[in-house]
There are 2 protein chains.
Amino acid sequence: MEAITIKDIARALNISTSTVSRALRNSYEINPETKKLVMEYAEKMNYRPNPIALSLKDSKSKSIGVIIPEIANHFFSQLINGIESIAYNLGYHVVIFQSHDSYEREVANTNYLVSRKVDGLLVSLASLTTNLFHFQDLMERGLPIVFLDRVPKEIETHKVVADNFDGSYQATSHLIQTGKRRIAHLTSPIYLSITTERLAGYRKALEDNGIPFDESYVRYCIYGGKVVAENEEAIGELLALPEPPDAIFTASDRLTTGCLAVLQKRRIKIPEEIAIVGFTNISVAELLNPPLTAVVQPALEMGQQAVELLIRLIEHPQKKGDYEIRFLQTSLITRESSVGKQALKT
Amino acid sequence: MEAITIKDIARALNISTSTVSRALRNSYEINPETKKLVMEYAEKMNYRPNPIALSLKDSKSKSIGVIIPEIANHFFSQLINGIESIAYNLGYHVVIFQSHDSYEREVANTNYLVSRKVDGLLVSLASLTTNLFHFQDLMERGLPIVFLDRVPKEIETHKVVADNFDGSYQATSHLIQTGKRRIAHLTSPIYLSITTERLAGYRKALEDNGIPFDESYVRYCIYGGKVVAENEEAIGELLALPEPPDAIFTASDRLTTGCLAVLQKRRIKIPEEIAIVGFTNISVAELLNPPLTAVVQPALEMGQQAVELLIRLIEHPQKKGDYEIRFLQTSLITRESSVGKQALKT
DNA sequence: TTGAAAGCGCTAACAC
DNA sequence: GTGTTAGCGCTTTCAA
C-alpha cells in the first residue's frame with residue numbers, strides 16, 4: 001500500500017532503475033519501446049516521483065518560502081493569493097510562515113525554510129527586525145530573496161512595494177482639501193520602511209500646502225495597534241493636545257480599526273469633529289460606520305510581481321547589482337469618513 | 001559556504017560518521033569525551049541536521065499539513081493562529097494550503113503534502129468536495145487526519161467543530177424574541193456539514209416557537225457569497241417573495257457582508273425593515289453600520305484542539321474507532337443589526 | 001541503448 | 001565504544 005518507487009518499476013519490468021529513470025525523464029538516449037513500456041506501467045501504477053528524494057539529490061525543491069508578519073490581515077492574505085496564483089501556474093509550491101512581527105520567529109522560520117531547501121524566499125519584514133544578518137548571509141550564499149511591502153534599505157535585491165510616499169501624499173492632501181488643518185498621523189514603528197515612506201509623504205503634503213510639520217501630531221505604535229491599550233493611549237494623547245487634531249491619517253489596518261473604535265467609544269463624530277483616512281486594505285471599508293476613506297494597495301499584484309521576480313531569479317541567476325525596485329500605485333477611495341455624507345453627494 | 005554535514009564533522013575530528021551521529025543524538029553507548037568533542041565542534045560550526053535527509057530516511061518530517069478553503073477570511077486565519085501556536089510549541093511545523101473551495105485543488109494539495117511526507121493532515125473541506133476517496137485512502141494507509149469545521153460524516157476520525165446547531169438555534173431564537181417572524185436563512189452549499197447543522201438549528205428554533213419552516217426562505221449560495229451576483233440574486237429573490245422576510249440569518253462571513261452590502265445599496269433599514277444576524281467571526285463587527293449581531297466561533301481554540309488531537313494521533317497511533325468529536329460553544333453577541341439602538345440601550 | 005555504481009545526509013544493524 | 005555498511009528514492013557519470 002506504500003507509494004510505488006522507481007525500483008518497483010524496474011523490478012516489475014526486469015530492467016535497471018537507471019533505465020526507468022531515463023524513460024521517465026524523457027532522456028534522449030533510450031529505446032522508444034522501453035520508454036513506452038515504462039511510461040505505461042508507471043501510469044498504470046500511478047507512479048509519482050518522491051520530491052524528498054529529489055530535493056536531497058540536488059538541493060532544489062520547486063517550492064518557495066514566504067515569511068510575512070501575519071496572515072489574519074487582509075493586505076497579507078491578498079498578497080498570498082497573488083503569490084499562490086502565479087507560483088501554482090509556474091509549478092512552484094508555496095510554504096507560508098508568520099513572523100508575528102517577532103525577530104526571533106523570523107529568524108527561526110528563515111532557518112527552517114532554508115533547511116527545507118526552498119528555492120527562494122519572499123519576505124515582508126517583521127516590525128521588530130533591525131538586524132538583517134540572517135538574510136544577508138543567505139543571499140551571499142546564493143539564495144534568491146525578494147522583499148515586498150516592508151523592505152530593507154541595506155539589502156540589494158529585487159523589491160516590490162506600494163508607492164507609500166505617494167499614497168500618503170494623496171491621503172494627506174485630500175484631508176487638507178476638505179479643510180482639515182491639524183492632521184495627525186498614527187503609524188507603525190519607525191524602523192519599518194513603510195513607516196518612513198508614509199511619514200515622508202504625509203510631511204511633504206503638509207509642507208506643500210503651507211502647513212508646518214509638527215512632530216507632536218505623529219504617534220508611533222510599536223505594536224502596530226495590535227495591543228488595544230496602545231491605540232487608546234496614542235489617541236488619548238492626541239486628543240489631549242492643546243490643539244487636538246481635526247483629522248487622523250492612520251497607517252495600517254489595525255491602527256485604522258483601532259482608531260475608529262476609540263473615537264466611536266468616545267462618541268466623537270466622524271468626520272465632523274475628526275476625519276479619518278486609513279492606509280488599509282480592509283475588505284469591508286464600505287460597510288463601516290461611517291464608510292471609510294482608504295488608501296488601498298494593489299496587494300494581489302504586489303504578490304504576483306514579487307513571485308515573478310523571485311522565480312526569474314531562481315531560474316536565471318543573474319549578476320549582482322542588476323536588481324529592480326517596483327513601485328505600484330495605490331488608490332485613494334473617498335468615502336464618508338473624510339468628507340461626510342452631504343459633501344459626498346454633491 | 002554550504003551547510004555543514006555530519007561527514008564534515010567526522011572528517012575534521014577524524015572519526016566515523018556513525019560516531020558523530022551517535023554523539024549528536026545522545027545515544028547510550030558513547031564515550032563522554034568523544035561526545036563532548038563532537039558537540040563542541042558541531043556547536044562551533046553551527047551544525048544543523050538536514051531535515052530532508054531525515055525525512056527521506058524514515059518518512060517523518062515533524063510537520064503537519066493544513067488544507068483550508070481560504071486564508072483571506074478571519075475565521076480561518078484565527079484557526080491557523082491556533083494551530084500554529086500549539087504546533088510550534090510541540091516542535092512541529094505547519095504547512096498551509098488553500099483549496100479555494102475547489103475539489104481539484106484540494107486533491108492536488110493533499111497529494112503534494114503526502115509526497116512531502118507530512119506526518120498528519122488537518123482539513124476543513126472545500127465546499128465543492130463530495131468525493132472523499134483521497135482522504136479515505138490515506139487514512140487506510142495510516143496517515144493521521146483530523147477534520148475541523150467542515151467535516152465529513154463518512155470518515156471516522158477525530159473532529160473539531162463549533163456547535164453549529166446550537167449557534168444557529170440561538171441566533172434564530174434571538175430574532176424571534178425580538179419580534180421577527182419571517183426569518184430567512186442565507187447559507188452555503190448543502191453538502192457542507194456546517195450548512196446542514198446550521199440549517200437544522202434554524203429550523204428547530206422556528207418550530208419550537210410555533211413558526212412553520214418554509215423552504216422558500218432558505219437560499220443556498222453555491223459560491224458561499226464569493227460571487228457578488230450570487231448574493232444579490234438570492235436576496236433579490238427573498239425580497240420579491242409575496243411575504244418578504246423581516247430578518248435574515250446569514251451563515252458565513254462572505255454571505256453576511258454581501259448581504260449587508262446589498263441591503264445598504266437598496267436603502268433598506270437595518271434592523272427596522274430587515275434585521276440581520278451573521279454566523280461570522282469578522283473582526284470589525286462592532287464597527288459596521290449598523291454594528292452586527294454575530295454568532296462567533298471560538299476559532300483559535302478550535303485550531304488548538306484540532307492540532308492537539310492530531311499530534312496525539314501521530315505520536316500515539318491508536319486503535320480505530322476510538323475517535324472523538326469535539327463540539328465547541330459559539331457565542332451570540334447582540335448588537336444593533338438585530339435589535340436597534342433604542343432597544344439595545346434599555 | 002542499457003546497466004552498475006556512486007552519492008545526496010542521515011541512521012541503525014552488525015561487526016570488531 | 002567505534003567503525004563499516006547498507007539503505008531511504010532518485011539521478012547521473014562511467015562502462016559495456
Side-chain angles (χ1 to χ4, degrees), chain A residues 1-39 41-42 45-63 111-112 114-119 141-142, chain B residues 1-39 41-42 45-63 111-112 114-119 141-142:
Chain A
M1 223 24 323
E2 279 305 300
I4 180 173
T5 75
I6 218 170
K7 226 172 176 169
D8 301 322
I9 302 184
R11 200 177 313 122
L13 267 43
N14 211 5
I15 53 180
S16 79
T17 57
S18 33
T19 305
V20 176
S21 172
R22 273 189 283 255
L24 255 19
R25 60 197 32 282
N26 220 339
S27 177
Y28 41 112
E29 294 158 332
I30 187 147
N31 185 325
E33 302 235 325
T34 319
K35 181 173 164 185
K36 186 160 164 259
L37 217 61
V38 172
M39 292 301 249
Y41 188 76
M45 300 302 284
N46 196 27
Y47 168 79
R48 294 279 172 276
N50 179 334
I52 301 260
L54 287 175
S55 298
L56 180 60
K57 186 103 196 53
D58 50 38
S59 300
K60 286 252 173 267
S61 61
K62 276 281 184 177
S63 67
N111 290 336
Y112 177 76
V114 170
S115 70
R116 273 279 153 198
K117 299 273 182 287
V118 289
D119 298 338
R141 292 203 240 154
Chain B
M1 216 36 312
E2 278 306 298
I4 181 174
T5 74
I6 219 170
K7 225 169 176 173
D8 301 322
I9 302 184
R11 199 178 314 123
L13 267 44
N14 212 3
I15 53 179
S16 81
T17 58
S18 38
T19 305
V20 177
S21 173
R22 273 190 282 256
L24 255 19
R25 62 194 31 282
N26 218 340
S27 178
Y28 42 114
E29 292 160 334
I30 186 143
N31 186 327
E33 303 235 325
T34 320
K35 181 172 163 184
K36 187 159 164 260
L37 217 62
V38 172
M39 292 302 249
Y41 188 77
M45 300 301 285
N46 195 26
Y47 167 79
R48 293 280 173 274
N50 180 334
I52 301 260
L54 287 175
S55 298
L56 181 61
K57 183 106 195 53
D58 51 38
S59 301
K60 287 251 174 265
S61 60
K62 275 279 184 181
S63 67
N111 290 336
Y112 177 75
V114 170
S115 71
R116 274 276 151 201
K117 298 275 183 287
V118 288
D119 298 339
R141 291 203 241 154

Tell me which nucleotide among D:dG9, D:dT4, C:dA4 gets nearest to the side chain of A:Lys57. D:dG9
Winner on side-chain proximity to B:Thr19, out of D:dG3, C:dT2, D:dG7, is D:dG3
Figure out the CD1/C1' separation between A:Ile15 and C:dA4, and round it to whole Å. 14 Å
Atom-pair distance (CG on A:Leu24; C1' on D:dG9), nearest Å: 12 Å
How would you label the contact of B:Arg25 with the nucleic acid (heavy atoms, under 4.0 Å): base, sugar-phosphate, or nothing? sugar-phosphate
Ignoring the backbone of B:Ala53, work out which of C:dT1, C:dC10, C:dG3 is nearest its side chain. C:dC10
Length of the NZ-C1' vector between A:Lys36 and C:dT2, whole Å: 19 Å
Return the 5'-most residue of the pair A:Thr17, A:Thr34 with respect to DNA chain C, ranking by each residue's nearest nucleotide. A:Thr34
Base, sugar-phosphate or nothing for B:Ile52? Non-hydrogen atoms, less than 4.0 Å. nothing
Do the side chain of A:Arg48 and the base of D:dG9 come within less than 3.5 angstrom through a donor-acceptor pair of N or O atoms? no
Rounded to whole Å, NZ of B:Lys7 lies from P of C:dT11 at a distance of 14 Å
Is B:Val38 close to B:Ile15 at the side-chain level, that is, under 4.5 Å between some pair of heavy atoms? yes
Quickly work out the B:Asp58 CG to D:dG9 P distance and round it to whole Å. 12 Å
Candidates A:Thr19, A:Leu24, A:Ile30, A:Val20 - the one meeting side-chain contact (heavy atoms from CB on, under 4.5 Å) with A:Lys35: A:Ile30
Round to the nearest Å and state the distance from A:Leu56 atom CG to D:dG9 atom P. 12 Å
Polar contact flag, side-chain donor to acceptor under 3.5 angstrom, B:Arg116-A:Ser55: yes
B:Arg116 atom CZ is separated from D:dC8 atom P, nearest whole Å, by 19 Å
Between B:Asn31 and D:dT2, does any side-chain N or O lie under 4.0 Å from OP1 or OP2? yes
Under 3.5 Å, is there a donor on one side chain and an acceptor on the other for A:Arg48 and A:Asn50? no
B:Thr5 side chain, from C-beta outward: closest of C:dG9, C:dG3, D:dC10: C:dG9
Which comes earlier along DNA chain D counting from the 5' end, the contact point of A:Tyr47 or that of B:Lys35, where each point is its nearest nucleotide? B:Lys35
What's the CD1-P distance between A:Ile30 and C:dT2, to the nearest Å? 6 Å
In Å and rounded to the nearest 0.5 Å, what is the NZ to OG1 distance from A:Lys7 to A:Thr17? 8.0 Å
Side-chain-base donor-acceptor pair under 3.5 Å for B:Ser21 and C:dA12: no
When you measure from the side chain of B:Arg22, which nucleotide among C:dC8, C:dA13, C:dT2 comes out closest? C:dA13
